[in-house]
Amino acid sequence: MNFPDLHPWDLTYSAAIALQKDLATRVELRNRLRRPLSHVAGVDVSYRKHGDQFFAAVVVLSFPHLEPIEVADFSARVNFPYIPGLLSFRELPVLLQAFRRLRTVPDLVLVDGQGIAHPRRFGLASHLGLWLDLPTIGCAKSRLTSMAQMPEEDKGATSPLTDKGELIGTLLRSRARVKPLYISPGHRLDIPTAARLTLDCTGRYRMPEPTRLAHLETNRLRREAEAARV
DNA sequence: GCGACAG
DNA sequence: ATCTTGTCGC
């Protein structure tokens, strides 16, 4: 089964899966963080239901104070469809363009989506981490693959995320009494460190500051573009 | 064969 | 993710 127009990857469905399996062997799950950590980035993408215009943003914050340092945007048309398990082929190209406009090289990147908590252990955060050669964390709002018991209701409570008997991440309560986040390392981090750093980047909101601010920026861009064209 | 299914 | 108004709760 093929799907048309896989731009800019030009891959069939089965070739995309084979590529993920191959690239997954290059993912590092050991800590390779630059210390001390001084710059943490968050990335996000938004678009409209009808229309293929995508808006990507990367925001760099200081660490540990989480003050915004730099913002880079990029917008373009995307025609790769959303297919569960193949999200990176849809969102990665526009995200990489946004990174090209960034001057600061972050020490860590938080991503809206899964890391290794993915059927082939290669979610968007892993793909971005390999491409940028940077440590990344997948901070997803809902599950793709994985099982877990619910953590306690207090902020910082965790429970292990597993798939087929394998430990692949952490279910993290980022705020008291909110739906927990699905945290998994994307690249160059181990599972406990990914959860710990996510918590360190989280303030009074459910989403960690880097991805939360990237999300706001992405929506600001979209509203601006819609207002600009008549 | 029947669900589940990041954003 | 997006569409879309009001509404319940701290």
Side-chain angles (χ1 to χ4, degrees), chain A residues 1 3 6 9 13 16-17 20 23-24 27 42-58 73-96 98 109-130 136-148 153-155 161-164 168-187 194-195 198 203-208 210-212 214-226:
Chain A
M1 182 200 305
F3 37 67
L6 301 192
W9 304 90
Y13 181 79
I17 298 221
Q20 288 184 323
L23 293 175
V27 168
V43 300
D44 192 34
V45 173
S46 75
Y47 50 91
R48 296 192 308 167
K49 185 175 188 179
H50 297 300
D52 44 14
Q53 194 70 17
F54 275 49
F55 302 89
V58 45
D73 304 315
F74 189 82
S75 111
R77 291 187 179 284
V78 172
N79 54 29
F80 197 103
Y82 170 69
I83 299 166
L86 298 183
L87 178 65
S88 66
F89 294 95
R90 177 169 166 85
E91 297 197 347
L92 189 56
V94 62
L95 281 176
L96 292 176
V109 183
L110 270 56
V111 179
D112 208 324
Q114 313 287 354
I116 61 169
H118 177 281
R120 291 164 292 281
R121 308 291 178 261
F122 198 69
L124 174 59
S126 298
H127 208 157
L128 181 68
L130 264 193
T136 57
I137 300 176
C139 305
K141 298 181 292 301
S142 60
R143 62 157 237 137
L144 175 58
T145 265
S146 68
M147 300 176 46
E153 292 286 352
D154 51 306
K155 176 172 180 172
L161 275 182
T162 62
D163 182 37
K164 301 172 185 172
I168 57 174
T170 306
L171 192 56
L172 171 69
R173 192 84 68 176
S174 52
R175 278 194 62 174
R177 293 175 294 282
V178 300
K179 185 183 177 199
L181 260 25
Y182 293 74
I183 308 299
S184 58
H187 187 45
T198 299
R204 60 169 294 206
Y205 299 91
R206 180 192 180 214
M207 295 305 292
T211 54
R212 191 180 75 84
H215 186 72
L216 292 179
E217 172 62 12
T218 219
N219 282 146
R220 188 194 67 74
L221 265 183
R222 192 166 69 111
R223 284 184 293 108
E224 185 179 270
E226 288 172 356

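These values consider heavy atoms only, across backbone and side chains, with no hydrogens, waters or symmetry-generated copies. So you know, we letter chains A, B, ... as the sequences are listed, proteins then strands, and number each from 1. Not measured: the values here are computed from a predicted model.
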Rounded to whole Å, how long is the line connecting atom [atom1] of [X] with atom [atom2] of [N]?
X      : N     : atom1 : atom2 : value
A:I183 : B:dA6 : CD1   : C1'   : 12 Å
A:L95  : B:dG7 : CG    : P     : 14 Å
A:Y47  : B:dA6 : OH    : P     : 11 Å
A:Q20  : B:dA6 : CD    : C1'   : 12 Å
A:F54  : C:dT2 : CZ    : C1'   : 11 Å
A:D112 : B:dG7 : CG    : P     : 6 Å

Between A:N219 and A:R177, which has a closest nucleotide on DNA chain C that is more 5'?
A:N219
Select base, sugar-phosphate, or nothing to describe what [X] touches, counting heavy atoms under 4.0 Å on all strands.
X      : value
A:H118 : base
A:R222 : sugar-phosphate
A:G85  : base

For A:F74, ring pair (Phe, Tyr, Trp, His ring centres under 6.0 Å) partners two or more places apart:
none
Hey, are A:E217 and A:R220 close enough for a salt bridge, meaning a charged N less than 4.0 Å from a carboxylate O?
yes
B:dG7 phosphate, OP1 or OP2: any side-chain N/O from A:K141 under 4.0 angstrom?
yes
Closer than 3.5 angstrom, by distance alone: can the side chain of A:T136 be matched with the main-chain N or O of A:A125 as a donor-acceptor pair?
yes
Do you know which of A:D44, A:V178, A:T198, A:L181 makes side-chain contact (heavy atoms from CB on, under 4.5 Å) with A:M207?
A:L181
Nucleotide N/O of nucleotides 1-5 of chain B paired with protein N/O under 3.5 Å:
{"residue": "B:dC5", "atom": "OP1", "partner": "A:R143", "partner atom": "NE", "Å": "3.0"}

